[in-house]
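Accompanying notes for the structure given below.
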Amino acid sequence: MKKKSSLLVLCLALCLALTACGGTQTTQSEDESGSAAPDASASAEAEPAEEPAETSEVEADTSTTAASSEGSENTSITFETVEGSVTGDDGKEIVTYSYQVPTVTLADSAAQAAVQADLDAVVETFVTYVQGEFATQAKEAYATYYEGTEDGSYGFSDDMTFVVSRIDDAVISLVIDEQGYSGGAHGWDTRYCRNYDAQTGEALTFEMLGENFRSTAEELVLERAAEMQEEEEIFFEDYATYLPFVVCDGTELCADVYAQVYPDLYGADSSEEAPEGTLEPTYRLTDGGVVFFSGQYVMQPYAGGIVEFAFLYDELIDVMNSQYML
């Protein structure tokens, strides 16, 4: 599976540069506009969606969130929450999971279909993983270390939530958070984004945002990171090396980026193979500007949480397409 495989390989490579871990700390900085980063509890009411196919080992229950839908009259999105679990051969619940099912409404039916298809694929990828590979790992670990013991603390978990960063007649921007536990000293938080042109349904790329948007964004992120490093020393010493994993729009080929960042492991003369496909987008649009983020173990150790770099539209006004700014 592309996303999960990419993340696993990235974590293995980054482990070469890791320093000591600390307690869980997910950093969601305020936007430069003064708006707080999205609340992971935000969700919306929706019509019930189909439950995932049940097997003898998977029990899924659905529940609908209580919040109202977000957006305008012509552009809106609602969510339904699905919860499920996987039990071991002895009947013990060894995996719990939850995820949200988004339903998009746009004025243009073709644009709506395009966005909905992409979000459906995100959900399908998560469900396939958590009920398949993730559940298998949990069962193997349980059988090896816990089955037949009195230890009641065992349990893998994976929860996926969508958070609306911006939604209007020009842009739909969503943050997707996966938080879970699969053994070890602490859990994990995987974050990525989806950004769409609300008129066409196309995924927003840096090229669409502006001809020089990528290079300007890279400069701004490095400048901000340098300031933060001087004040707090929260990043790895070679943090700038990992910039290609921070300024991503979803078009970057994994093979190219891994070879650039880790030439000794994934270069032309290496026997290691990078994940297939492309990286996940690591930026979101807000009402006030654009936010990039460095995920766990990318520029910083676990104790640094997820670090965000927020910039006002005014800082990008010379390079950003005005139709996507507010």
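These numbers come from a predicted model, not from an experiment.
A donor-acceptor pair shorter than 3.5 Å cannot be found between the side chains of Gln296 and Asp189. The closest side-chain donor-acceptor pair between Ser173 and Arg166, if any, does not fall under 3.5 angstrom. Side-chain contact annotation: Glu273 with Tyr266, donor-acceptor N/O pair under 3.5 Å absent. Side chain to side chain, Ser98 and Asp159 meet the donor-acceptor criterion of an N or O pair below 3.5 Å. For the residue pair Glu202 and Thr200, a side-chain donor N or O sits within less than 3.5 Å of a side-chain acceptor on the partner. Using modelled atom types, one finds no donor on one side chain facing an acceptor on the other under 3.5 Å when comparing Thr205 with Asp249. A donor-acceptor contact under 3.5 angstrom links the side chains of Gln300 and Ser294, judged on distance only. Side-chain atoms of Asp197 and Tyr324 form a donor-acceptor pair, as typed in the model, at a separation below 3.5 Å. Side-chain contact check for Tyr192 and Glu178: at least one donor-acceptor pair (N or O, by modelled atom type) lies under 3.5 Å.
Legend: residues meeting salt bridge (Lys or Arg N to Asp or Glu O under 4.0 Å) with Asp120, ordered by chain and number and at least two apart, are absent.
Annotation: the span from Ser215 atom OG to Leu220 atom CG amounts to 9.5 Å, rounded to 0.5 Å. Put simply, OG on Ser85 and CD on Glu93 are 4.0 Å apart, with the number rounded to the nearest 0.5 Å. Note that OG1 of Thr96 and CG of Asp158 are 9.0 Å apart. Values are rounded to the nearest 0.5 Å. To the nearest 0.5 angstrom, Tyr239 atom OH is 13.5 Å from Phe236 atom CZ.
Side-chain atoms of Leu106 and Val104, non-hydrogen and from C-beta on, do get closer than 4.5 Å to each other. Between Val307 and Met228, the closest side-chain pair of non-hydrogen atoms falls below 4.5 Å. At a threshold of 4.5 Å between non-hydrogen side-chain atoms, the residues Arg191 and Ile176 do not count as touching. Taking 4.5 Å as the limit, some side-chain heavy atom of Ile77 sits within range of a side-chain heavy atom of Ile167. Counting heavy atoms from C-beta on, the side chains of Val298 and Phe293 never come closer than 4.5 Å. Annotation: side chain of Leu174 is in contact with side chain of Val164 (closest heavy-atom distance under 4.5 Å). Looking at Lys92 and Thr87, their side chains never come closer than 4.5 Å, going by heavy atoms from C-beta outward. The shortest side-chain heavy-atom distance between Glu140 and Thr136 falls under the 4.5 Å cut-off.
Taking the six-membered ring where the residue is Trp, Phe213 and Phe292 present tilted rings, their angle falling between 30° and 60°. Taking the six-membered ring where the residue is Trp, Tyr258 and Tyr262 present tilted rings, their angle falling between 30° and 60°. Tyr181 and Phe156 have perpendicular rings, their planes meeting at more than 60° on a 0 to 90° scale where under 30° would count as parallel. Ring geometry for Tyr302 versus Tyr297: interplanar angle of 30 to 60°, hence tilted. Ring planes of Phe309 and Phe235: parallel class, angle under 30° (limits at 30 and 60°).
In this structure a side-chain-to-backbone donor-acceptor pair under 3.5 Å is present from Gln199 to Asp169. Between the side chain of Thr282 and the main chain of Val246, a donor-acceptor pair closer than 3.5 Å is present. A donor-acceptor pair is defined here as one N or O able to donate and one able to accept, closer than 3.5 Å; such a pair exists between the side chain of Gln116 and the backbone of Pro102. In this structure, the side chain of Asp238 does not engage the main chain of Thr241 through any donor-acceptor pair within 3.5 Å.
A pairwise comparison of heavy atoms in Thr105 and Gln112 identifies CA-OE1, 3.4 Å as the closest pair. Between Asp287 and Tyr313, the shortest heavy-atom distance links the atoms O-CE1, 3.6 Å. Of all non-hydrogen atoms in Thr278 and Gly250, the two that sit nearest each other are OG1-O, 3.2 Å. Smallest separation of non-hydrogen atoms from Ala274 and Ala255: CB-CA, 3.8 Å. Summarising the geometry of Thr75 relative to Ala198, their closest heavy-atom pair is CG2-CB, 4.4 Å, with the distance given to 0.1 Å. When every heavy atom of Leu285 is checked against every heavy atom of Asn195, the shortest pair comes out as N-OD1, 3.7 Å.
Within a 6.0 Å sphere centred on CD of Gln323, other residues, nucleotides and ligands contribute more than 12 heavy atoms. Residue Glu211 places its CD atom among 12 or fewer non-hydrogen atoms of other residues, nucleotides or ligands, all under 6.0 Å distant.
Residues Leu243 and Leu253 are members of separate hydrophobic clusters, defined by side-chain heavy-atom contacts under 4.5 angstrom among Ile, Leu, Val, Met, Phe, Trp and Tyr.
Checked against a 6.0 Å centroid threshold, the rings of Phe206 and Tyr283 count as neighbours.
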Item to check | side chain to side chain contact (heavy atoms under 4.5 Å, CB included) between Asn321 and Leu209, intermediate numbers included | outcome: CA-CA 5 Å; Asn321 190 331; Leu209 292 178; 5.6 Å; no
Checklist entry - Is there a salt bridge (charged side-chain N to carboxylate O under 4.0 Å, His left out) between Glu308 and Arg284 once you walk through the steps? => result CA-CA 10 Å; Glu308 295 195 334; Arg284 62 185 174 93; 3.3 Å; yes
Checklist entry - What do the steps show when you test Tyr99 against Glu83 for side chain to side chain donor-acceptor pair (under 3.5 Å), and what is the final call? => result CA-CA 7 Å; Tyr99 59 93; Glu83 298 179 346; over 6 Å; no
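With Arg214 as reference, Glu252 is the one residue of Glu252, Glu219, Glu207 to meet the side chain to side chain donor-acceptor pair (under 3.5 Å) rule.
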